[in-house]
Amino acid sequence: MEYNFREIEQRWQEFWRDNDTYRIKEDASKPKFYVLDMFPYPSGAGLHVGHPLGYIASDIYARYKRLKGFNVLHPMGYDAYGLPAEQYAIQTGQHPAITTQKNIERYRSQLDKIGFCFDWNREVRTCDPGYYRWTQWAFEQMFNSYYDNDLNKAMPITALIDKFEANGSEGINVACGEEMTFTAEEWKKMAKVEQEKILLNYRIAYLGDTMVNWCPKLGTVLANDEVSEGVSIRGGYPVEQKVMRQWCLRVSAYAQRLLDGLDNIDWSDSLKETQRNWIGRSEGAEMQFKVADSDVVFTIFTTRADTIFGVTFMVLAPESEYVNQVVTPEQAEAVKQYLDSIKHRTERERIADRKVTGVFTGAYAINPLNNKQIPIYISDYVLAGYGTGAIMAVPAHDSRDYAFAKTFDLPIIPLIEGCDVSEESFDAKEGKMMNSEGNGLNLNGLEVKEAIAKTKEFIKANNLGKVKVNYRLRDAIFSRQRYWGEPFPVYYKDGMPHILPDEKLPLQLPEIDKYLPTESGEPPLGRAKNWETAEHYPLELCTMPGFAGSSAYYLRYMDPHNPNALVSKEANEYWRNVDLYVGGTEHATGHLIYSRFWNKFLFDLGYVCEDEPFKKLVNQGMIQGRSNFVYRIKDTNTFVSLNLKGEYDTTEIHVDVNIVSNDRLDIEAFRNWSPEYKDAEFILENGEYVCGWAVEKMSKSMYNVVNPDDIVERYGADTLRLYEMFLGPLEQSKPWDTNGIDGVHRFIKKLWNLFYDKESLAVTDEEPTAEELKALHKLINKVGSDIEHFSFNTSVSAFMICVNELTSLKCRKKAILKELAILLAPFTPHLSEELWSLLGFEPSVCDAPWPVYNEEFTKESTINYAISFNGKMRFNMEFAADAAREDIEKAVLADERSAKWIDGKTPKKVIVVPNKLVNVVV
RNA sequence: GCCCGGAUGGUGGAAUCGGUAGACACGAAGGACUUAAAAUCCUUUGGCUAUAAUACGGCUGUGCGGGUUCAAGUCCCGCUCCGGGUACCA
């Protein structure tokens, strides 16, 4: 019988669906295991062959764990809100909900064809009101909370109000926007609106005026992780800096916990490192500088307190609040001109031409350690958003300050013995200090590290400043001036935001006529009719960003239909957190930070029982495209084969990889591909047209997109699954190359032929031989440990080796084949089900017990030793597995082949590596 | 610039602790079966090279240059190139 994958796969997919094989319930009698994939954004292009890579890997793992006796939660859903659907809506007027629904259906049918064990009963969609009700709920919780730095956790805002009532701002240590001081009396006397305004300064979800990334082309603000190199990640449009009033999440309050948490989770080092850099902890000091002839005192942040004697100027960020306080009348005009000139530069321009620019304020600061007056400048190389927006410049030991000093001809004072600052600054934190003495502090002769510590002590003791830890991590901007996202459950009364009462939730996304901003520049929701409460208070016009819906979806899968809570306590305590999360690294500084923050916040309030959401994380590599080229001779319609093109003047043209096989062009298909090539002529080599190739991003415009549906159609889902794993290590990026898929397909056919001899099932009940058991148990051992280590490519090889051995042993024994079917079940579930039932077992193989490895069967009686002389391998010898070391040594030296290599000398040493080799040192 | 990865045949990739480099595949070449093709099976396949023949022969070989070691793809030092992240973060 032929291996008919179409019939087999369809039949078992129906069986699984009809029997709810993958429906999972909480079951206290079994250990739980939660395997999660990063849910996809359902884009219009559908899945290409790269998308399922991670899903296949996690599916293998999930199925393996199930076979090992775990109750495995393996859900899937859709990250359904997002810009592309909305951009499409703007162009076509098509409601994003409709396109999204269509795309989801397409995704679903593509996913179904691959045979995943998802529990679709638990599907979530972020755009579903039953789902985003809980996104809105979480926002409400954040609005009603503040972060207590002493307790190191989020607390209800009512606890803060109690403190204000009792002692005002006295003695509070909480995360906030700006430091505020008021007494209990003052607090009580304030109008309600006044109090609300103050509370906004402390809420974890707060409305704040912050410098944002404004993207005029998209008409929205973007979070830091949505911007790269001055352009938006989606669309690549320029982004400018602008102060706007926006919803923000106080992620920064969690900076230290997000950092510390990394030590207790099993993620790759590189990913942890990326998050550490993104959080960007830096220990330093804040110091106060007085402005000469003025009452103004300003604060700077530095990690190099030791370089205080090398300060030759100060720099303020252009947006710094100090600017207006210090500028002298003489310099006012120059400063104004400078500020105007940089306002019009986009972020991108600023980065592109990294020119040193700046202007003198006319004012001088006084160095508290030597009383010297130093000029104060304004420059855009100092950022308003980091530290205090003001720095002390030490040109000798900071390259940016150095560039500025050279441009504005300011003095450079070296502070480290032996350093040469004539050409560039000396930035390293090493060496002995010099030129560093004044006002009771002497750092000369100290190592840099000692000097930093000593200076910190000194400024603390003398009230010149304080030790301070800064983080690069900013609060997340949470508003988007867009339509296709979760509406905020917020209305405004007297200009202050309030949360809608519970019975009004979820606040559903309204219909609008056009998906564009209003005439007056309001976000699209400004077009919605009656977008207000019953009392005619206006509702928030912004919607939430993409990461809102994806931050807690893994919790919803635990209890997806619960109308009363994001997740019930029981469900949460059973599933706890994700044991294995599989997804790409591109979310390192976005989703994976926000999710951790969101989870920690819910943990603080007692809604979830684990502090970290994802215990182990595996990053699958990107599947790149492998493009093919044909070479057209200029100004003709003649194409020349790759190795002959040197003789002609040619243009390289992308050709659809689906009409190329093994880099040989299907000429007929090419002529039909486009009318332009209908009459194409070819110059062939050896009767074939050979295409060139290159590795590029998989994209339509490169004609290198391979659709998994086509592969399934041609080879079957099991072959696709196996081949995706066989392609290389999971974590590694690699190009998709359909050449080679025949190898795995052949393997499956070989396996099939162990069951079928021509037309009849040829399985026997004979007892397996030692040799057969050995082949099987080697495989059990290998596949088990490979799956545990996510080394799926080598397990596929192991299967091939085993089946080759069994084929040459002509082994058709049920006892062996049964176990083989189970071992293969995670990889080729359809085939395994089929084989399992062919052997006469009841379905489903999904619930069979994973075979137990027995070492006895794989033990060798003799072991082949490599014999080497001075490390050079020369010949092999067989020894009994339990041969004594001395006997092996003696036998090697006595062997006639050794004489040649020993060459009459006395061996200095003989090294015996058990079970491997013997090395004789002559 | 900084941080993190990586480099192994014509190709994808194996090599758990430093211990016979190239497993397993693809491709290629040759052969069997076939009227033919497809499918299937068998042999060879890193490079150079020896011998009249036989071969279980020799040399060389994991980006480059050094080093440690009885032994290095693997460890150390210095480079080159490629990929990813990040970027005036004081």
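Every chain is numbered from 1, with letters handed out A, B, ... down the list of sequences.
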Just the rounded figure in Å: distance from C1' of rC59(B) to CH2 of Trp901(A). 11 Å

Syn/anti label of rG9(B) as read from its glycosidic torsion, with the cut at 90° from 0: syn

Between atom CZ in Arg664(A) and atom P in rC26(B), what is the gap in whole Å? 16 Å

Send over the distance from Met725(A) CE to rC26(B) P, rounded to a whole Å. 19 Å

Rounded to whole Å, please give me the gap between CG in Asn793(A) and C1' in rG13(B). 7 Å

Strand-adjacent residues in residues 864-877 of chain A, judged by heavy atoms under 4.0 Å from RNA chain B: Asn864(A), Ala866(A), Asn870(A), Gly871(A), Lys872(A), Met873(A), Arg874(A), Asn876(A)

Would you call the rings of Phe792(A) and Phe827(A) parallel, tilted or perpendicular, where under 30° means parallel and over 60° means perpendicular? perpendicular

Find the partner of rC75(B): check Watson-Crick (N1-N3 plus N6-O4 or O6-N4) and G-U wobble (N1-O2, O6-N3) distances, both under 3.5 Å, and reply none if neither fits. rG67(B)

For Tyr471(A) and Ser252(A), test the side chains for any donor-to-acceptor distance below 3.5 angstrom and give the result as yes or no. no

Strictly by modelled atom types, are Glu878(A) and Thr862(A) linked by a side-chain donor-acceptor pair under 3.5 Å? yes

Under a 3.5 Å cut-off for both distances, is rC41(B) Watson-Crick or wobble paired, and to whom? rG31(B)

Starting at atom CD of Gln732(A), determine the distance to atom C1' of rG13(B), rounded to an integer number of angstrom. 8 Å

Does a nitrogen or oxygen in the side chain of Asn739(A) sit under 4.0 Å from OP1 or OP2 of rA25(B)? no

When the ring centroid of Tyr723(A) is compared with that of Trp736(A), is the distance short of 6.0 Å? yes

Would you mind reading off the distance between Leu751(A) atom CG and rA25(B) atom P, rounded to a whole angstrom? 14 Å

